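Note that the structure is predicted; figures quoted are calculated from it, not measured. The figures that follow rest on heavy atoms only: side chains count, while hydrogens, waters and symmetry mates do not. Positions are given from 1, in the same order as the sequence printed here.
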Amino acid sequence: MAMSTLRKVTMAVLAPAMAIGATVSLASAPASAAVWSSCDQWGNTSLNGYTLYNNIWGSGAGSQCIWANSGTNWGVNANHPDTGGIKSYPNAKKVINKSITSLGSLSSTYNVTVPSSGAYNTSYDIWDTDYDYEIMLWVNKTGAVGPLGTSQGNVTLGGHTWTVYKGTNGANQVFSFVRTSNSTSGTVNILPILKWIKDTKGWFGNETIGDVQFGFEITSSSGGKDFVANNLTVSSS
């Protein structure tokens, strides 16, 4: 399946120009939305050093509302039809803006509650500042979803074992690390993964890492399903 790439980052920013003619029905946000909520297609806000995006970018989308108690505790209720193609990537973003060699550490902890049905993945989406490269880390997946590119085999890095896929969407290179078993909580040491791509594989050079995003890439969630980031932290030095 073709993955959403640059659009997941840029379309939320360029919403006024790019969302013309788009129609997304509204749903009510859950009562737990203590600080902020939005049912807007491109709804976004900044909390505690994180930027939250509702980010309904795919065609044929249904309704989706995002809520947040903080930058590290948030979720969405999404009702997208059982059709192919990614509908949305609601996410929390932390800006890094450091080169790989200047990073002393880059890691994240996650704890999520996700539905047992539908089609989606829970993933990190990591970009260089020029958006030439996209590194996806899938910590769980359900339903008919799959990464771009061809399998490069398995590797154990950052505290997890992944199947690695390498591909392109025509605009940028995509490196997807799909965890070999589903996980709803844990810690990912991201920096060794970036160094493995750079130093062991030579797939890119000393890129400056711009954004680390974490969210739910949703293809279908018919009937309305809840996706919750109970706790998410991204830290770097």
Side-chain angles (χ1 to χ4, degrees), residues 2-14 44 46 48-53 55 57 71-72 86 89 91-110 121-139 146-180 183 186-215 217 229 232-237:
M3 302 298 300
S4 61
T5 54
L6 193 55
R7 285 182 293 181
K8 291 186 296 190
V9 176
T10 59
M11 287 187 76
V13 178
L14 302 179
N44 64 89
S46 294
N48 315 112
Y50 296 81
T51 302
L52 300 169
Y53 292 104
N55 199 20
W57 67 266
T72 60
I86 298 162
Y89 181 62
N91 68 87
K93 180 182 78 172
K94 186 73 174 285
V95 176
I96 304 301
N97 282 345
K98 288 186 177 181
S99 68
I100 295 171
T101 58
S102 69
L103 280 165
S105 65
L106 178 59
S107 64
S108 176
T109 61
Y110 63 93
N121 67 73
T122 303
S123 57
Y124 292 88
D125 206 10
I126 303 163
W127 294 88
D128 67 299
T129 51
D130 294 328
Y131 299 110
D132 293 324
Y133 302 101
E134 178 183 21
I135 304 98
M136 296 200 76
L137 312 178
W138 292 27
V139 296
L148 236 174
T150 56
S151 174
Q152 307 294 306
N154 287 4
V155 65
T156 299
L157 287 167
H160 305 263
T161 300
W162 319 86
T163 303
V164 183
Y165 295 81
K166 181 176 182 286
T168 180
N169 62 15
N172 51 268
Q173 298 291 313
V174 183
F175 310 117
S176 299
F177 291 70
V178 180
R179 201 175 188 277
T180 54
S183 169
T187 299
V188 181
N189 192 357
I190 298 171
L191 185 56
I193 297 172
L194 301 177
K195 288 183 174 180
W196 182 81
I197 298 172
K198 172 183 173 290
D199 298 328
T200 302
K201 305 304 290 186
W203 290 340
F204 55 46
N206 186 29
E207 297 296 324
T208 298
I209 302 303
D211 304 340
V212 174
Q213 303 170 31
F214 179 87
E217 193 171 53
L232 164 72
T233 63
V234 177
S235 57
S236 63
S237 63

Has K166 got its NZ or CZ under 6.0 Å from the middle of the six-membered ring of F175, at an angle within 45 degrees of the ring axis? no
Tell me, do F177 and Q152 make a side-chain contact under 4.5 Å, heavy atoms counted? no
Check S123 against M136 and note the closest heavy-atom contact, atom names and distance. OG-CE, 3.4 Å
Is there a side-chain contact between Y89 and N55 (heavy atoms, below 4.5 Å)? yes
What distance do I135 atom CD1 and D128 atom CG have between them, rounded to the nearest 0.5 Å? 7.0 Å
Is the ring centre of Y133 less than 6.0 Å from the ring centre of W127? no
Please answer whether the main-chain N or O of D132 pairs with a side-chain N or O of D130 as donor and acceptor at a distance below 3.5 Å. no
P147 and W138: which non-hydrogen atoms are nearest, and at how many Å? N-CH2, 3.6 Å
For G215, is there any backbone N or O sitting under 3.5 Å from a side-chain donor or acceptor partner on N91? no
One pair to check against side-chain contact (heavy atoms from CB on, under 4.5 Å): I100 and I209. What are the steps and the verdict? CA-CA 7 Å; I100 295 171; I209 302 303; 4.1 Å; yes
Take T109 and T233 through the side-chain hydrogen bond (donor to acceptor under 3.5 Å, both in side chains) test and state the conclusion after the steps. CA-CA 5 Å; T109 61; T233 63; 2.5 Å; yes
Under the side chain to side chain donor-acceptor pair (under 3.5 Å) test, residues paired with S102 that sit two or more places apart: S99
Identify the heavy atoms of G71 and A92 that sit nearest to each other, and give their distance. O-CB, 4.2 Å
Show the numbers, then the answer: is there a side-chain hydrogen bond (donor to acceptor under 3.5 Å, both in side chains) between Y110 and S183? CA-CA 10 Å; Y110 63 93; S183 169; 2.7 Å; yes
Under a 3.5 Å distance rule, please check whether N206 uses its side chain to pair with a backbone N or O of T101 as donor and acceptor. yes
For residues 187-199, please give each side-chain donor-acceptor pair under 3.5 Å, one per line with the distance, not counting sequence neighbours.
none

Just wondering, do I96 and L103 contact through their side chains at under 4.5 Å, heavy atoms? yes
Could you grab the distance from atom CG of N172 to atom CD of E134, nearest 0.5 Å is fine? 6.0 Å
For residues 155-165, the side chain to side chain donor-acceptor pair (under 3.5 Å) pairs (sequence neighbours left out) are N154-T163, T156-T161, H160-R179
Flag side-chain contact, heavy atom, 4.5 Å: Y124 against Q213: no
Looking at every heavy atom in both S236 and L106, which two are closest together, and how far apart are they? CB-CD1, 3.8 Å
Compare every heavy atom of Y50 with every heavy atom of L232, then report the nearest pair and how far apart it is. O-OH, 4.0 Å
Heavy-atom pair of closest approach, residues T129 and G210: CG2-CA, 3.7 Å
Nearest-0.5 Å distance, OG1 of residue T51 to CG of residue N44: 7.5 Å
Hey, does F214 have a side-chain heavy atom less than 4.5 Å from the side chain of T72? no
